[in-house]
Colleague: 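Submitted below is the structure of interest, expressed as structure tokens.
Numbers here simply count residues along the sequence, with the first being 1.
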Amino acid sequence: MDTLSQMAANPIKKNHLIVFGRYPALGRVKTRLIPALGPAGAAALQKRLVEQTIAQARRSAAQIDARLSFCHDGGTRSQIIHWLNIGDIDCMPQTSGDLGRRMFLSIRNAFRRGAERTVLIGTDIPDLKANILDQAFDQLKRNDLVLGPSTDGGYWLVGMSKPENIFDGIAWSTSTVLEKTLALARRKAMRIGLLEPLADLDTPNDLARWSGGKISTAPYLSVIIPTLNEAARIADTLSGAASPDTEIIVSDGGSCDQTVDIARSCGARIVAGRRGRAGQQNRGAAAAGGDVLIFLHADTRLPPHFVGHIFETLMDRQVVLGAFRFQTDIPGPAMRWVTFWTNLRAKWLQLPYGDQGLFMQRPNFLAVGGFPDVPIAEDLYLVRRMAPTGRITLAPAATVTSGRRWQRLGLLRTTMINTAIAIGCLAGVAPQRLAQLYRLPLK
């Protein structure tokens with residue numbers, strides 16, 4: 001919906017509440033927190049803060065009958081909608097220029113659309129509550145300007161009963177922002193109201209204070225790799241999974257080669273137990289500390305920038321499970337044909353295989369009880385468990401899986417077995433019968 005359509009769909013209201021926020025792109029938000037949280041951890045914090053702010057803004061807008069807008073820096077309208085489900089909120093990108101110019105133009109635009117009182121808030125205040133926003137609008141009934149001071153010398157809220165540019169010449173992100181803004185407002189003879197100061201969350205010190213002195217070291221992503229005698233390949237797989245945002249857990253099923261020693265030397269955490277990929281992956285998940293889990297086969301390499309692909313895929317709140325596109329290390333036209341149809345099947349049937357790297361939010365994994373304890377196709381059965389709870393989608397990059405099984409059994413035989421198992425899974429065939437099919441020789 002374009003801006004004119006939004007204006008037609010939303011009647012003029014006297015109160016207008018603007019949330020001024022940034023799309024949580026990795027490496028571009030909360031940059032001062034990246035050393036402590038990692039790029040994805042910092043972006044996840046930004047995501048959480050925006051969501052909390054939107055929730056409080058919704059409550060306030062409903063209480064005081066205000067029009068609500070989200071002015072975003074970064075991200076497309078489609079990305080914002082999939083993330084925030086903002087059908088009830090105007091959504092528009094911020095204009096160009098420094099922070100002051102962007103805020104003033106947004107405020108002025110609200111008055112041009114019929115507002116009599118406009119409040120603009122940032123998204124860095126974890127203690128923000130709807131009643132505080134109500135107080136800001138109440139103060140605008142008797143003041144020209146209301147500011148919500150932050151404890152670092154800036155402010156997190158600015159409200160006006162008429163549009164005035166009090167932002168020129170301000171050195172943003174300094175301790176004198178509030179002081180200089182008040183000086184400009186007094187020169188314009190504006191009546192000024194102040195709210196109680198609140199602390200924003202921008203630096204490691206802010207984070208420590210907000211978390212009670214304990215900054216969480218939990219990673220954003222836990223990479224869980226089930227292994228059984230994978231000494232020849234595990235080092236390459238582990239090197240490709242290393243990232244400031246990940247922890248790597250190798251869940252071993254009783255290897256008698258050097259798999260465990262190699263994995264430990266590469267920095268992986270080892271979880272040992274009974275053989276069986278479903279159980280091994282569940283044990284790895286139980287030991288994981290990440291908010292997001294990815295289950296990776298020991299002979300599968302993740303693509304470059306895999307954390308960013310995972311983060312962006314899961315920004316869509318309808319997605320409960322994602323996977324990468326399928327690819328092997330076997331060249332040739334026959335394998336390209338298999339790759340094409342495998343990806344087509346994964347997309348249209350929403351049925352990716354485990355060698356595509358299945359990833360999901362931890363709560364969604366736990367909600368379905370994890371991998372079922374089956375002798376085969378535990379990946380497909382997990383996908384079918386999760387399908388009724390939301391959307392399953394593919395990230396726009398490919399994992400690269402070893403073609404050893406294809407080379408050992410042949411392209412035709414492997415394709416026929418995989419297809420039969422997938423169809424059997426969709427048809428509700430018992431896993432024990434599919435296991436027999438897996439071992440059946442083809443003539």
Colleague: Looking at K30 and D124, is any side-chain nitrogen of the basic one under 4.0 Å from a carboxylate oxygen of the acidic one?
Modeller: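 Yes.
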Colleague: Within a 6.0 Å radius of atom CZ on R301, are there more than 12 heavy atoms belonging to other residues, nucleotides or ligands?
Modeller: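 Result for CZ/R301: open.
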Colleague: Do the non-hydrogen side-chain atoms of L201 and L207 ever get within less than 4.5 Å of each other?
Modeller: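 L201 reaches L207 side chain to side chain.
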Colleague: Looking only at atom types and distance, does a side-chain atom of N15 sit under 3.5 Å from a main-chain N or O of T118, one as donor and one as acceptor?
Modeller: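 Here the side-chain-to-backbone pair does not exist.
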Colleague: Would you please classify the geometry between the H309 ring and the F324 ring as parallel, tilted or perpendicular, with 30° and 60° separating the classes?
Modeller: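 Because their plane-to-plane angle is over 60°, the rings of F324 and H309 count as perpendicular.
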Colleague: Please say whether more than 12 non-hydrogen atoms of neighbouring residues, nucleotides or ligands are located less than 6.0 Å from CD in Q350.
Modeller: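 Above 12, so yes.
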Colleague: Do you know which two heavy atoms are closest between G284 and I249, and how far apart they sit?
Modeller: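 Looks like O-CD1, 3.7 Å.
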Colleague: Would you call the rings of F365 and F295 parallel, tilted or perpendicular, taking 30° and 60° as the class edges?
Modeller: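 Because their plane-to-plane angle lies in the 30° to 60° range, the rings of F365 and F295 count as tilted.
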Colleague: Inspect the contact between D291 and R362 and indicate whether a charged nitrogen and a carboxylate oxygen are less than 4.0 angstrom apart.
Modeller: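 Answer for the salt bridge query: no.
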Colleague: So T342 and V338, do their side chains get closer than 4.5 Å, heavy atoms only?
Modeller: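 In contact.
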Colleague: For S251, is there any backbone N or O sitting under 3.5 Å from a side-chain donor or acceptor partner on Q280?
Modeller: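 Yes: the side chain of Q280 pairs with the backbone of S251.
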Colleague: What is the minimum heavy-atom distance between P226 and A298, and which atoms define it?
Modeller: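 That closest heavy-atom pairing would be O-CB, 3.8 Å.
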Colleague: Please test E196 against K129 for salt bridge (charged side-chain N to carboxylate O under 4.0 Å, His left out), starting from the C-alpha separation and ending with a verdict.
Modeller: CA-CA 12 Å; E196 289 295 320; K129 301 298 180 185; over 6 Å; no
Colleague: Charged N to carboxylate O below 4.0 Å: is that the case for D73 and R28?
Modeller: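 No, no charged N to carboxylate O under 4.0 Å.
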Colleague: Is it true that atom CZ of R48 has more than 12 heavy atoms of other residues, nucleotides or ligands lying nearer than 6.0 Å?
Modeller: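 Counting neighbours around CZ of R48, 12 or fewer heavy atoms of other residues, nucleotides or ligands fall under 6.0 Å, so no.
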Colleague: For R404, look at atom CZ and say whether over 12 heavy atoms of other residues, nucleotides or ligands are found less than 6.0 Å away.
Modeller: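 Correct, the count exceeds 12.
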Colleague: If you measure from the Lys or Arg side-chain nitrogens to the Asp or Glu carboxylate oxygens, is any gap between D206 and R209 under 4.0 Å?
Modeller: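 Looking at R209 together with D206, the answer is yes, because their closest N to O distance falls below 4.0 Å.
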Colleague: Is there a side-chain contact between Y220 and V307, using heavy atoms and a 4.5 Å cut-off?
Modeller: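 In contact.
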Colleague: How about W172: does its CH2 atom have over 12 heavy atoms from other parts shown lying under 6.0 Å from it?
Modeller: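 Yes, the 6.0 Å shell around CH2 holds more than 12 heavy atoms from other groups.
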Colleague: If you measure from the Lys or Arg side-chain nitrogens to the Asp or Glu carboxylate oxygens, is any gap between E51 and R58 under 4.0 Å?
Modeller: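 Salt bridge between E51 and R58, a charged N being under 4.0 Å from a carboxylate O: no.
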Colleague: Could you walk me through whether R274 and D252 satisfy the salt bridge (charged side-chain N to carboxylate O under 4.0 Å, His left out) test, starting with their C-alpha distance in whole Å, then the side-chain angles of each, then the deciding distance to 0.1 Å, before giving a yes or no?
Modeller: CA-CA 8 Å; R274 184 170 57 89; D252 192 67; over 6 Å; no
Colleague: Does T339 offer a backbone N or O that forms a donor-acceptor pair with the side chain of N343 under 3.5 Å?
Modeller: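 Yes, the answer is positive, given that a donor and an acceptor are paired below the 3.5 Å cut-off.
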Colleague: Keeping Q94 on the side-chain end and C71 on the backbone end, is there a donor-acceptor pair under 3.5 Å?
Modeller: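 Yes, Q94 side chain to C71 backbone: donor-acceptor pair under 3.5 Å.
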Colleague: If you define the side chain from C-beta out and look only at heavy atoms, does anything of D200 sit under 4.5 Å from D152?
Modeller: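 SC-SC contact between D200 and D152 confirmed.
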Colleague: When you compare the side chains of T401 and T300, does any donor N or O come within less than 3.5 Å of an acceptor on the partner?
Modeller: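 Yes.
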Colleague: Please check this pair: side chain of R101 against backbone of S96, looking for a donor-acceptor N/O pair closer than 3.5 Å.
Modeller: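 Flag set: sc R101 to bb S96 pair under 3.5 Å.
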Colleague: Within the 4.5 Å heavy-atom criterion, are C256 and N229 side-chain neighbours or not?
Modeller: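 Yes, at least one pair of side-chain atoms sits under 4.5 Å.
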Colleague: Counting C-beta onward and ignoring hydrogens, is there a side-chain heavy-atom pair between W156 and T123 closer than 4.5 Å?
Modeller: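 SC-SC contact between W156 and T123 ruled out.
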Colleague: Within 45° of the axis and under 6.0 Å from the centre of the six-membered ring of F371, does NZ or CZ of R385 qualify?
Modeller: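 No; the conditions do not both hold, so R385 does not lie above the ring face of F371.
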Colleague: Just so I know, are the side chains of Q327 and T399 near enough to count as touching, which here means a heavy-atom distance under 4.5 Å?
Modeller: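 Q327 does not reach T399 side chain to side chain.
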Colleague: Does the side chain of H72 reach to within under 4.5 Å of the side chain of Y23, using non-hydrogen atoms?
Modeller: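 Side chain of H72 against side chain of Y23, heavy atoms only: no contact under 4.5 Å found.
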